[in-house]
Amino acid sequence: MFKNIFIVAKREYLKVVKKLTFWLTTLFFPVFIIIVSLVSGLSGEKFEQNIENNDAIESILIVDKSGIIIEDVLTSFKQYSFGDNLEEATTLVQTSQYDIAIYYPENVLETKEIKAVEQSKDLFSGASATFLSQEILKQSILQELGTDLKITAIKENFSVEVTSFNDEGEKQPGFERFVVPVVSILIYFILIMFSTSYLLMSVAEEKENRMIEIVMSAIKSKELIWGKILGQLGIVLTQVAALFVLAIGSMLIVGSNFNLPINLADLSIAPAQIIGGTFYIICGFLIMANLMVGVGAATPTYKEAQSFSSIFILLSIIPIYFAPIILSDPSGTVSLIVSYFPLTSSLILLFRNALGEIALWESIFSGTILIAYVMASFYLSFKMFEYGALEYSKRISFKRLAKSFKS
Amino acid sequence: MGKHPIVTIKNFSKSFHSNKVIKDLSFEVQRGEIFAFIGANGSGKTTTLRTLLNIYHPDEGKLLINGKTYSPDRTKIIGYLPEERGLYTTSKVLETMVYFGQLKGMTKGQAEKEALIYLKKVELINKKDETIKRLSSGQQQKIQLGMTILNKPKLLILDEPTKGLDPVNRELLINLLLELNQKGATIIFSTHQMEEAEKIAQRILMIKDGQKALYGDLSDIKEMFGSNTLYVEYSGQFPENKKLYQAIVNPKVAEITPEAGVNTEEVLKYLINTRIKIHSFKKTTPSLHQIFIRISKENV
């Protein structure tokens, strides 16, 4: 039995993994996003630097009706002076006597409105004028604080170490707390989304190619189903591994150039959480995989299988709509209800497990329930396969499926 | 014939929804014979073969191969070519054949060796690394057949094996079947092409509306239908006369079965008096085609 499962699984795995399109679809979007982020980040930094270090502005004329601007902040310019009114300042800029003129009205702190007149010299001119107008005002206000240390303290962010406690003891600090749940859910979604489409395609193709009957005469339906599921699991794990390598590589590159908002050293994952998470992911995958095999067999074409399968996929992602409630109270009533609904249970339990919100008794209880769901989904899939695999022109009806359970 | 049949079907009945497709069907296939399973489309041939291979489950009765219900564990001795057949069009020829060989219990090496021998025999060796969709439909049919016999099965079950085959592949298939039979393989094939059944089968089962209509040795069955059939070689426009006879008319030859109470002499006299020119005639047993048509018109 295992030999046949392995032969089918190997074929399913190699058939997909050997294709260049598999690697392109797996890596294209993440690589694209990384490249776009890098380009956008780098160009953003460059843009800010260009604005801050704009050497093109050498002479500046200030019309200060607010009385806030102080001369000390203007000393970096080659030429600066104070004017009386905006009209006169505008003429001086137009006649190239000054590069820029900035007008601060009397009630600038209330209205938060500044006017600037400049000579356009490059692409960054407008942005430079805006930045400069704001910066001169801010620096002038900050100078009133006195010491450089205080000025620096206000300008920069402080590092804050947060430790949260609940009734059960110490918990993980702040933002890092959500890294493991987010990564687990990401793996879950990759596994579910990729595997469902591959499995559907695989079973539907077998049917469309009229190969299913020959295969069923040579091996048991169960062997074919398990072989396909195992093959798909291998494919998706390959994808996860590839994305993991890509993510680590990207973090090493990005981390050395940018400041990441997460301190990975602060992450701590309990072994029980890893075991629990792996179990919930595998159960979720098996439930959906079984259903997709059944749908693929029960419908005559891949196209029909796709539209029929969307019902199950939609039901499985329903928890996204409850996300705020689940996040705010991971052990509340709503969380508990969706934790035990067959199509959503794996995802919610996975999330709650990653947050450390599942007690030992609930782990055992939920594990038992999930195993029962996996077995039920396999039985359903097997029945759908048995009755639908050889129906080449019509899909099996619910009535007929229900009858098959009685027989 | 051997004492122990390779296939035994006893009191087999099968329904789909409320439609009873097979009604209390019983027959045996003896070891080493070529057995034709004939009947019109929808008569229950495919259902019987699928149930024999445990793809469908019987409502009643027993379907046994070598005295046991078939299980894919015993796939090593079976070669099955279903009516609805295809190939993994995006896979390569040799790769696909080896995969099936492995599923049928062969090692990868054995499967590859046998596949290469077969491909050489059917002159497709230079296509072994081609994607199947690049092959012509005739070449694809050869691959399907190769997959069926790759494991040198002791029992070949073929559902409408010549369906969709071009004349060259039809001849190839028939020759291969005869060759395998000479080497000891038992062959069961379903068809509604009576000429084929008559050409190679030793025994037949004719099924009509899910029930056994005729069963036994082909020559015995033909004898049973009498020897008053006329084969006439003619030229001209062959006349119809439903009061005197029924005829299967081909451009140069007609097979004539006199109606009840009419003898062959009366038919010949009538034909001589018409405008056709008779070149020769022969009084013999009816063809399977003729028998099939007669049975189809009768109530079982």
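Below, read A as the first sequence line, B as the second, and so on, with proteins coming before strands; counting in each chain starts at 1.
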Please classify the contact of [X] with chain A as side chain, backbone, both or neither, using a heavy-atom distance under 4.5 Å.
X	result
B/Leu103	both
B/Thr148	neither
B/Thr90	neither
B/Glu95	side chain

Original post:
Which atoms of A/Lys19 come close to chain B, meaning under 4.5 Å heavy atom to heavy atom: side chain ones, backbone ones, both, or neither?
Top reply: neither

Pairs of heavy atoms under 4.5 Å with chain A: top-ranked of [options]:
options	result
B/Tyr70, B/Tyr80, B/Tyr88, B/Phe100	B/Tyr88
B/Gly86, B/Ser71, B/Ser91	B/Gly86
B/Ile157, B/Ile78, B/Ile55	B/Ile55

Salt bridge flag under 4.0 Å for residues [X] and [Y]:
X	Y	value
B/Glu83	A/Arg210	no
B/Lys45	B/Glu160	yes
A/Lys220	A/Glu223	no
B/Glu112	B/Lys108	no

[X] ring center near [Y] ring center (under 6.0 Å):
X	Y	result
A/Phe378	A/Trp226	yes
B/Phe35	B/Phe189	no
B/Tyr56	B/Phe16	yes

Subject >> Among the listed options A/Arg11, A/Met216, A/Lys15, A/Lys10, the residue most often paired with chain B at heavy-atom distances under 4.5 Å >> reply: A/Arg11

